[in-house]
Each structure stands twice: as C-alpha cells, then as structure tokens.
Number of protein chains: 2
Amino acid sequence: MSPKDSTAATRAALLEAARVEFAAKGVAGARVDTIAERAGVNKERIYGHFGSKEKLFDAVVVTALDQVTEAVSMPGKDAADYVGRLYDYYREHPDLVRLLMWEALHYGGEKLLPGQERRVDKCGRKTVSLAEGLGREPSPQVARTMLMLIGMAMWPTAMPQLNRIFLGADGAADHDAMRDSVLEFVRAALD
Amino acid sequence: MSPKDSTAATRAALLEAARVEFAAKGVAGARVDTIAERAGVNKERIYGHFGSKEKLFDAVVVTALDQVTEAVSMPGKDAADYVGRLYDYYREHPDLVRLLMWEALHYGGEKLLPGQERRVDKCGRKTVSLAEGLGREPSPQVARTMLMLIGMAMWPTAMPQLNRIFLGADGAADHDAMRDSVLEFVRAALD
DNA sequence: ACGGTAGCCAACCAACTAGTTGGATGTCAA
DNA sequence: TTGACATCCAACTAGTTGGTTGGCTACCGT
C-alpha cells in the first residue's frame, strides 16, 4: 500500500472507530485509547490526523451528515413519503441520531462545525425542494416546516425512554404503528 | 437548624447544584467536585446521600420531571394550546430538555429510573386528558399522538444547531415565529 | 547512495477523577 | 452523664486520561 493509501486508510479507520465510540458515549464519555484500539492504530495518530479528541468528534459528525444527505434524497412532491423515508433511515441508523444529539448537547447552537456552510447549503436545498413539493415559494415558514418534518422523523428514535413511558415496552417496539402515526400526522398537517 | 432540616437542606443543595452541572455537561462530563463546590457541601456527602454519581443523575432527572408535571397542566380541550404552553415551558427551562436528552443518550430506553412507575402513570393521565380533549377513547394511537405533541414542543429547544442551519441565526432567534409555526402545524394535524 | 521527511509507534507524563477513609461534632435516648 | 449514631469534613487513593515525546522505518527527490 502506498503511503498515501496508508494514510487514508488510517484516517478512515479512525473515523469509523470514533463514530462508534462517540455515538455510544458522546464526547466526554468516549475514550481515545478505545478509539485507537478499535481502529487498530496508535493513539498518537489521532492527534497526528485530527489534532484533538474534540476535532475528531467534529470530523465524525460532518462525515455522518454527508452520509445521510447521500442516502435520503430530497423531499420532492410527497412530503409525507419523504418523512417516511427519513424515519426509516433514522430507525436504521440510530448512531446518526445520537451523534446529532451529542452535538446539540456539546455545542448547543453556538459552534459552526467545519464545513458548516456546505451543511447549511444542503439543508437549504431541502427547503427549496419542500417548497416546490408544497407548491409554495421558499420562505422562513417553509424552512420551519422542514425542521418540524425532520423532528417528526427523528423524535421516536431520539427519545426511546419517552416511547417506553408513553407506549409501554410493546408499544415502543411497534415501529410500524409509530411510522403510520407519524405519516398520518404529517399528511393531516400539510393538507 | 435541626439535623433533619440540615440533612434535607444538604440534599436539596446537592440536587440543585447537580441539576445545573448535569444539564450542562451530562453524566460523563459532569464533575463531582464541581457539584459539591457549587452546593457548598463536602463531596463525600454526595456518596452519603445518593451512593454514586450516576444515582445522583437519576435523582436529578426524576426531580426535574416532577417539576414539569407540576408546572404544565393537562392537555385539556385545546391540544394546540397545550403544545404552546409546553413549548413555552421548554423554552424557559432548556435544562430540563437537556436532561432528558442526556438521559436518552445515557440510558436509551433500557433503564427504568427510580419512581418510573409514577412517571408512567403521570404520562398515562396526560394521554387520557388528550383523548378527552379530542373526543376519543384513550388508545395506543392517542398515546403516539401525545408523544408527537411533546416532540413538537420540545424539538426546537432540543436541537439548536438544526435551528441555526435551517433558519439562520436570525430565524433561529425568532421564537415567536417558531411557536406560531408549531401551533399551526399541530392545529392542522389534529383537525 | 544519501539526506530529508511523513507517518507511524511504545512509552511516558502531568493532571485529573470518582470514590474512600479516618476522624470530628452534635444530637438523642437511656 | 454517657454511649451510640447520624451527618459532616479534609485528606487521601488508585486508577484513569488526553495529549506528548523521542525515536524508528520507509519513501522520495537529488
């Protein structure tokens, strides 16, 4: 393997290992030694590639968001269908939801992560797509609707303890019913 | 102050200091020394009263939830109004939202906190109240709706970075507009 | 062939941390 | 008055942790 490939492979292994650890434990709870061991790489390489534990976390969040943008296409004409696809993606990738929650708690709305302009741009295009699907002009109102749709899709995955409390263990496990309820709610709200 | 009052005062001071620290930093990020210092109490008293850092966290979450139940009454006849009141409460008490998020991340849906049966019971009564307000029988469907309403109320406070990204700094700061959008969405969904 | 450098490593370090310990003080019941 | 005990404290402990250091190896350009 050429040095360039070796470097890229080390970086990729660290990002993947870090993603697992940060999703599970958050920034403060994650252990750098654990990340390095899981990646099969020396701990010093974390500092060589990323500079610090927190910057590694930043890189993980940015990378993860790129992946969801790739995986779930634009809202399009059927906003409820979009929410359903998003809901499914979050259900299948709870680590992404958890990373966003850790990010929210760790930074609040204060810090713009590296590449945040790209993130803003991508999300802006989602709002444009939603506006088109609703037969409206892009506007702050449509942006807020976009935000609420994402919340509807993410909430059940984000707060499992509330599912348990309100729905009971069986109800919490009935994801199809939850999905149907979310879509019904969204369809009713948008019509 | 009698010993009984002194003990109660120590415990209350620790809970309040812990609430601040856990809301800000989570379980792994919080520092026991910081909690003790903020409470003006010796660190050993944390272990004397609560047993461990994690049990202190549990006590904080339980206490905080008792407070929101006291502060925001039942859904009643106007579900959208209820969502508005809840939205306002979460806006004014972001530490509660953060505690719930830390709880979600730390435990997932796996652990039932002490007194969870009371919590389940209280939340169940909310579902009953919502059902009455909607002119329906209590059911899993209504419970899911209850969950979604709470999510609608909490989401903007929970994920400030998404507000920034979708709405921009100015849009994120326009809480009245956000509140109006949430209520409009909810009213449309429930009618 | 050789010098410079990138990428990597094992070992280290200084600071931090949750939890414990031995003892002091005040209260209370006998 | 005295012994037991609850509540509290300062100091301690053993382990942990993010980050650093000195050095090695392989690659590359001259």
Side-chain angles (χ1 to χ4, degrees), chain A residues 1-61 99 102-103 105-107 111 113-114, chain B residues 1-61 99 102-103 105-107 111 113-114:
Chain A
M1 183 186 286
S2 77
K4 194 171 161 189
D5 290 339
S6 170
T7 305
T10 298
R11 187 184 164 85
L14 284 172
L15 277 171
E16 179 50 35
R19 179 187 172 125
V20 174
E21 178 75 353
F22 282 130
K25 305 292 182 59
V27 183
R31 295 287 168 259
V32 181
D33 281 58
T34 304
I35 293 170
E37 281 162 24
R38 179 177 279 130
V41 167
N42 189 266
K43 173 166 69 167
E44 182 277 331
R45 286 291 76 208
I46 291 175
Y47 301 94
H49 278 279
F50 300 97
S52 71
K53 184 187 185 187
E54 192 174 68
K55 286 175 179 168
L56 176 57
F57 175 73
D58 293 349
V60 163
V61 171
L99 285 171
W102 290 118
E103 179 197 23
L105 289 166
H106 190 71
Y107 293 126
K111 174 175 164 145
L113 295 191
Chain B
M1 183 185 284
S2 77
K4 192 173 162 187
D5 290 339
S6 169
T7 306
T10 297
R11 186 185 166 85
L14 285 172
L15 278 172
E16 180 49 36
R19 177 187 175 124
V20 173
E21 177 74 354
F22 282 131
K25 305 292 183 60
V27 181
R31 295 288 169 260
V32 183
D33 282 56
T34 304
I35 293 170
E37 282 163 24
R38 179 177 279 129
V41 166
N42 189 267
K43 173 168 70 166
E44 183 278 331
R45 287 290 76 209
I46 291 177
Y47 301 94
H49 277 278
F50 299 97
S52 72
K53 184 187 186 188
E54 192 174 68
K55 287 176 180 166
L56 175 57
F57 176 72
D58 293 349
V60 163
V61 170
L99 284 171
W102 290 118
E103 179 197 22
L105 289 166
H106 190 74
Y107 292 126
K111 171 172 166 146
L113 296 190

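Chain naming here is simple, since letters A, B, ... match the order of the sequence lines and numbering starts at 1 in each.
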Can you spot which of A:V27, A:V61, A:D58 makes a side-chain contact (heavy atoms from CB on, under 4.5 Å) with A:H106?
A:V27

For a quick check of understanding: with a heavy-atom distance under 4.0 Å over all strands, which category does A:A30 fall into, base, sugar-phosphate or nothing?
sugar-phosphate

What is the separation between atom CD on B:E44 and atom C1' on D:dA10, rounded to the nearest whole Å?
11 Å

Could you tell me the separation between the CZ atom of A:R11 and the C1' atom of C:dA6, rounded to a whole number of Å?
16 Å

By nearest nucleotide on DNA chain D, pick out whichever of B:G40 and B:K43 is the more 5' one.
B:G40

Once hydrogens and angles are ignored, does a donor-acceptor distance under 3.5 Å link the base of D:dG19 to the side chain of A:K53?
no

Round to a whole Å and report the spacing from OH of B:Y47 to P of D:dA6.
22 Å

Side chains of A:L99 and A:E103, heavy atoms from C-beta outward: is any pair under 4.5 Å?
no

Heavy-atom side-chain proximity of A:L15 to A:R19 below 4.5 angstrom
no

Could you give the CD-to-P distance, from B:E37 to D:dC9, as a whole number of Å?
13 Å

Report the distance from atom CG of B:D33 to atom P of C:dT20, rounded to the nearest whole Å.
14 Å

Quick check on C:dC8: is either OP1 or OP2 less than 4.0 Å from any side-chain nitrogen or oxygen of A:H49?
yes

It should be established whether A:R31 places a side-chain nitrogen or oxygen under 4.0 Å from OP1 or OP2 of nucleotide D:dT16.
no

Shortest non-hydrogen separation from B:A18 to B:V60 and the atoms involved:
CB-CG2, 3.6 Å

Taking OP1 and OP2 of C:dG19, is either one under 4.0 Å from a side-chain nitrogen or oxygen of B:S52?
no

Within the pair B:S6 and D:dC8, is there a side-chain N or O less than 4.0 Å away from OP1 or OP2?
yes

Between A:Y107 and A:F57, how do the two ring planes meet: parallel, tilted or perpendicular, split at 30° and 60°?
tilted

Grab the NZ-P distance between A:K25 and D:dG18 for me, whole Å please.
11 Å

What integer distance in Å separates A:I46:CD1 from D:dT20:C1'?
14 Å

If each of A:R45 and B:N42 is mapped to the nucleotide of DNA chain C with the nearest heavy atom, which maps nearer the 5' terminus, i.e. the 5' end?
A:R45

